[in-house]
Amino acid sequence: MLGTYIHYYFVCHRKLWLFVHQIQMEKEHERVMEGKILHDVTYKKMEHRELEIEGVGKIDGMQDKYVREVKLTSKMKEADRWQLLHYLSELKKRGIEKVGLLSYPKEKKTEEVILNVTHEKELEKIEKHIQGIILQQTPPKLSQKPYCTSCAYYAFCYAKGEE
Ligand code: SF4
């Protein structure tokens, strides 16, 4: 499962559904570009950058015992943590055991993320739940969140007539 799905699961189930069903918004592309530039600058000197794990996505970097994930802000820290735990778990399934490092260069913050058995069990449940959300015929109902205004789907969700 893609790491992005895990991230969106923690941000908003409706966003997850819209993304998976390929309803993409321009603002999302801008934000992705901003993130890409940040990654390029932050990990310029790192040996292994942007490693693709098939079916899981691109991890930002791997060096020594660490897998690194870099984000623009720590506003969605819980989602960031679980995305990184998902990468650690998928690597472990492939025989590679690493420790995660979650970085917010703009805020000068970095923290270690260590995968344990409880996380692995929880990830299994989360993946099942995500499959259920994806299979729904229609998106989950709009549930207002403090960060809706900065979401790529804001215009879509709050279009006149949408409840
Ligand atoms: S605008 Fe709000 S409800 Fe709509 S997808 Fe984004 S976070 Fe979810």
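Please read these numbers as outputs of a predicted model, since none were measured by experiment. Excluded from the calculations below are hydrogen atoms, water molecules and symmetry mates; all remaining heavy atoms, backbone and side chain alike, are included.
- V99 has its side chain out of reach of V67: every pair of non-hydrogen atoms, C-beta onward, lies at least 4.5 Å apart.
- Within 6.0 Å of NZ in K75 there are 12 or fewer heavy atoms belonging to other residues, nucleotides or ligands.
- Within the 4.5 Å cutoff, no side-chain heavy atoms of K15 are placed close to those of F156.
- Between W82 and H119, the ring-plane angle classifies as perpendicular under the 30° and 60° cut-offs.
- With rounding to the nearest 0.5 Å, the separation of OH in Y104 from CG in D80 is 3.5 Å.
- Between the CG atom in L102 and the CZ atom in R68 there is a gap of 10.0 Å [rounded to 0.5 Å].
- Criterion: ILVMFWY side-chain heavy atoms under 4.5 Å apart, direct or through other members. Under it, I126 and M76 are not part of a common hydrophobic cluster.
- Residues V56 and L2 form no side-chain contact, since every pair of their non-hydrogen atoms from C-beta on lies 4.5 Å or further apart.
- Residues E97 and L88 fail the side-chain proximity criterion, which asks for heavy atoms closer than 4.5 Å.
- The CG atom of L18 lies 13.0 Å from the NE2 atom of H13; values are rounded to the nearest 0.5 Å.
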Verdict with supporting geometry, K145 and S143, side-chain hydrogen bond (donor to acceptor under 3.5 Å, both in side chains):
CA-CA 6 Å; K145 296 177 173 48; S143 116; 2.8 Å; yes

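- Residues P140 and I133 share a closest heavy-atom pair of CG-CG2, 4.1 Å.
- Y66 and E112 share a donor-acceptor pair across their side chains, judged by distance under 3.5 Å alone.
- Classification of the W17-H21 ring pair by plane angle, with boundaries at 30° and 60°, yields parallel.
- Under the side-chain hydrogen bond (donor to acceptor under 3.5 Å, both in side chains) criterion, Y147 pairs with no residue, sequence neighbours left out.
- In the hydrophobic clustering of this structure, I6 does not group with V11; members are Ile, Leu, Val, Met, Phe, Trp, Tyr whose side-chain heavy atoms approach within less than 4.5 Å, directly or through other members.
- Checked against the 6.0 Å centroid threshold, H86 and H7 do not count as a close aromatic pair.
- In the model, Q63 has no side-chain atom that pairs as donor or acceptor with a side-chain atom of K98 under 3.5 Å.
- Using a 3.5 Å distance cut-off with no hydrogens or angles, the side chains of K71 and T73 do not pair a donor with an acceptor.
- Contact annotation: the side chain of E69 never approaches that of L101 to less than 4.5 Å [non-hydrogen atoms, C-beta and beyond].
- A heavy-atom distance below 4.5 Å is not found between the side chains of L51 and K58.
- By the 4.0 Å N-to-carboxylate-O rule, E90 lies close enough to K93 to be salt-bridged with it.
- Shown here is Q144, whose CD atom has no more than 12 heavy atoms of other residues, nucleotides or ligands within 6.0 Å.
- When hydrophobic clusters are built by joining Ile, Leu, Val, Met, Phe, Trp and Tyr residues whose side-chain heavy atoms come closer than 4.5 Å, directly or via intermediates, F19 is grouped together with F10.
- Side chains of S89 and E120: no donor on one and acceptor on the other come within 3.5 Å.
- In this structure, the side chains of K109 and S103 stay at 4.5 Å or more apart for every pair of heavy atoms.
- Distance check: I23 CD1 to R14 CZ gives 8.5 Å after rounding to the nearest 0.5 Å.
- Once rounded to the nearest 0.5 Å, the distance linking CD1 of I59 with CD1 of I53 reads 4.5 Å.
- One finds the NE2 atom of H129 at 15.5 Å from the CD atom of E124 (value rounded to the nearest 0.5 Å).
- Side-chain contact between V20 and Y8: absent, with no pair of heavy atoms (C-beta onward) separated by less than 4.5 Å.
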Derivation and outcome, side-chain contact (heavy atoms from CB on, under 4.5 Å), residues Q131 and Y5:
CA-CA 10 Å; Q131 295 292 1; Y5 293 6; over 6 Å; no

